[in-house]
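Here's the structure we're looking at; comments come further down.
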Amino acid sequence: YQNGGGEALIVRLVHMADPHLALLRTELTAEGWSGTVEVESALDGTITNSGVERYRSLASRHLTDVRTGTGKPDTVWLCCRTSASETCVGMAARTVTDVPAVTTDAHTPGRAAQSLGIALADGRTVTVDKTVALHTSHDPAIEDPLDAAVDRVGRAGDFETLLETHRTAWRQLWRNAELDVRGGVGPILRLHLFHVLQTL
């Protein structure tokens, strides 16, 4: 999107080769000014399910026992349980920039957050990469979802490495799920197939 004082490009994805990882890249460019911007990177355990009007009378809070903290200087974590199934969920987020940033913890009850003060120079692009790992107590071969998430995000590659392995996984999926349907229905079927592959 563009704003009177600059623009931001956002790329986000759930990694197709490692579904426990999600990535968010934000590129910020100041136009006609220089100064410091504040970027908040958070894991929000206070989120509610209230976007659909007819469901607003139902229970909207689905997370309980929310705990938050800081791992390494670039990593925050959140651990909680789902209210209905009591599934334990562990998440960790690593946020890095390609320029020096002043990072401070900005945790509030139910939210693990860091604030990054980033100096922008007129016309120069700054990149902020957020990598998130998520594990649950239903995942096989893990003892603690939070430990698994913190470990996984710590071992995850950088954005370019993860983007390339994501693209490779999609190329392999499309090769195995090739459709050759003539006529106008072909693109629609490919779109539906894309949704099925993404969901599974």
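Inter-residue side-chain proximity for Phe159 and Thr127 is flagged as unmet; no heavy-atom pair is nearer than 4.5 Å. When side chains are defined from C-beta on, Arg167 does not count as touching Gln172, because their heavy atoms never get closer than 4.5 Å. Between His107 and Val76, the closest side-chain pair of non-hydrogen atoms falls below 4.5 Å. For the pair Thr64 and Thr82, the minimum side-chain heavy-atom distance is 4.5 Å or more. Contact of the Thr165 side chain with the His15 side chain is registered, since non-hydrogen atoms from C-beta on lie closer than 4.5 Å. Here the side chains of Arg171 and Met16 are not in contact, with every heavy-atom distance at 4.5 Å or above. Side-chain atoms of Arg152 and Leu21, non-hydrogen and from C-beta on, do get closer than 4.5 Å to each other. Proximity of Glu27 to Val128: side-chain heavy atoms (C-beta onward) are nowhere separated by under 4.5 Å.
Rounded to the nearest 0.5 angstrom, Arg67 CZ and Arg81 CZ are separated by 9.0 Å. Between atom CG of residue Leu43 and atom CG of residue Leu134 there is a gap of 9.0 Å, rounded to the nearest 0.5 Å. Here the CG atom belonging to Asp65 is positioned 10.0 Å from the CG atom belonging to Leu63, to the nearest 0.5 angstrom. If you take CG on Leu116 and OG1 on Thr36, they are separated by 12.0 Å, rounding to the nearest 0.5 Å. The structure places SG of Cys88 at 12.0 Å from NE2 of His135, a figure rounded to the nearest 0.5 Å. With rounding to the nearest 0.5 Å, the separation of CZ in Arg12 from OG1 in Thr26 is 10.5 Å.
Judged purely by distance below 3.5 Å, without hydrogens or angles, the side chains of Thr70 and Asp105 pair a donor atom with an acceptor atom.
Across all their heavy atoms, Ile47 and Asp44 have their closest contact at N-OD1, 3.7 Å. Taking every heavy atom of both residues into account, Cys80 and Val66 meet most closely at CB-CG2, 3.8 Å. Between Gly110 and Thr68, the closest heavy-atom pair is C-CG2, 4.1 Å. Taking every heavy atom of both residues into account, Ala156 and Thr131 meet most closely at CB-CG2, 4.2 Å. Between Thr46 and Pro109, the shortest heavy-atom contact is CG2-O, 3.5 Å. Heavy-atom minimum distance, Pro145 versus Val89: CB-C, 4.4 Å.
When atom types are taken as modelled, the side chain of Arg61 and the backbone of Thr48 share no donor-acceptor pair closer than 3.5 angstrom. For the pair Lys130 (side chain) and Ala42 (backbone), a donor-acceptor distance under 3.5 Å is present. Checked by atom type and distance alone, the side chain of Asn176 never pairs as donor or acceptor with a backbone atom of Leu173 at under 3.5 Å. For Thr75 (side chain) and Gly71 (main-chain N/O), no donor-acceptor pair under 3.5 Å exists by modelled atom type.
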Would you check, one step at a time, whether the test side-chain contact (heavy atoms from CB on, under 4.5 Å) holds for Thr125 with Leu28?
CA-CA 5 Å; Thr125 299; Leu28 305 167; over 6 Å; no
Decide yes or no on side-chain contact (heavy atoms from CB on, under 4.5 Å) for Asp158 and Asp129, but give the supporting numbers first.
CA-CA 8 Å; Asp158 62 14; Asp129 290 334; over 6 Å; no
Side chain to side chain donor-acceptor pair (under 3.5 Å), that's the test. Do Glu38 and Ser115 meet it? Break it down for me.
CA-CA 6 Å; Glu38 183 178 322; Ser115 175; 3.0 Å; yes
Worked verdict on Val99 versus Ile118 for side-chain contact (heavy atoms from CB on, under 4.5 Å):
CA-CA 8 Å; Val99 297; Ile118 303 170; 3.7 Å; yes
Thr95 vs Asp74, test: side-chain contact (heavy atoms from CB on, under 4.5 Å). Steps then yes/no.
CA-CA 6 Å; Thr95 307; Asp74 60 2; 5.8 Å; no
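Sparse packing is recorded around CD of Glu53, with 12 or fewer heavy atoms of other residues, nucleotides or ligands lying under 6.0 Å away.
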Review item, side-chain donor-acceptor pairs of residues 177-200, under 3.5 Å, at least two apart:
from   : atom 1 : to     : atom 2 : distance (Å)
Thr199 : OG1    : His195 : O      : 2.8

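Hydrophobic clustering (side-chain heavy atoms under 4.5 Å, transitive across Ile, Leu, Val, Met, Phe, Trp, Tyr) groups Val37 together with Val126.
Between Glu31 and Arg124 there is no salt bridge, since no side-chain N of the basic residue sits under 4.0 Å from a carboxylate O of the acidic one.
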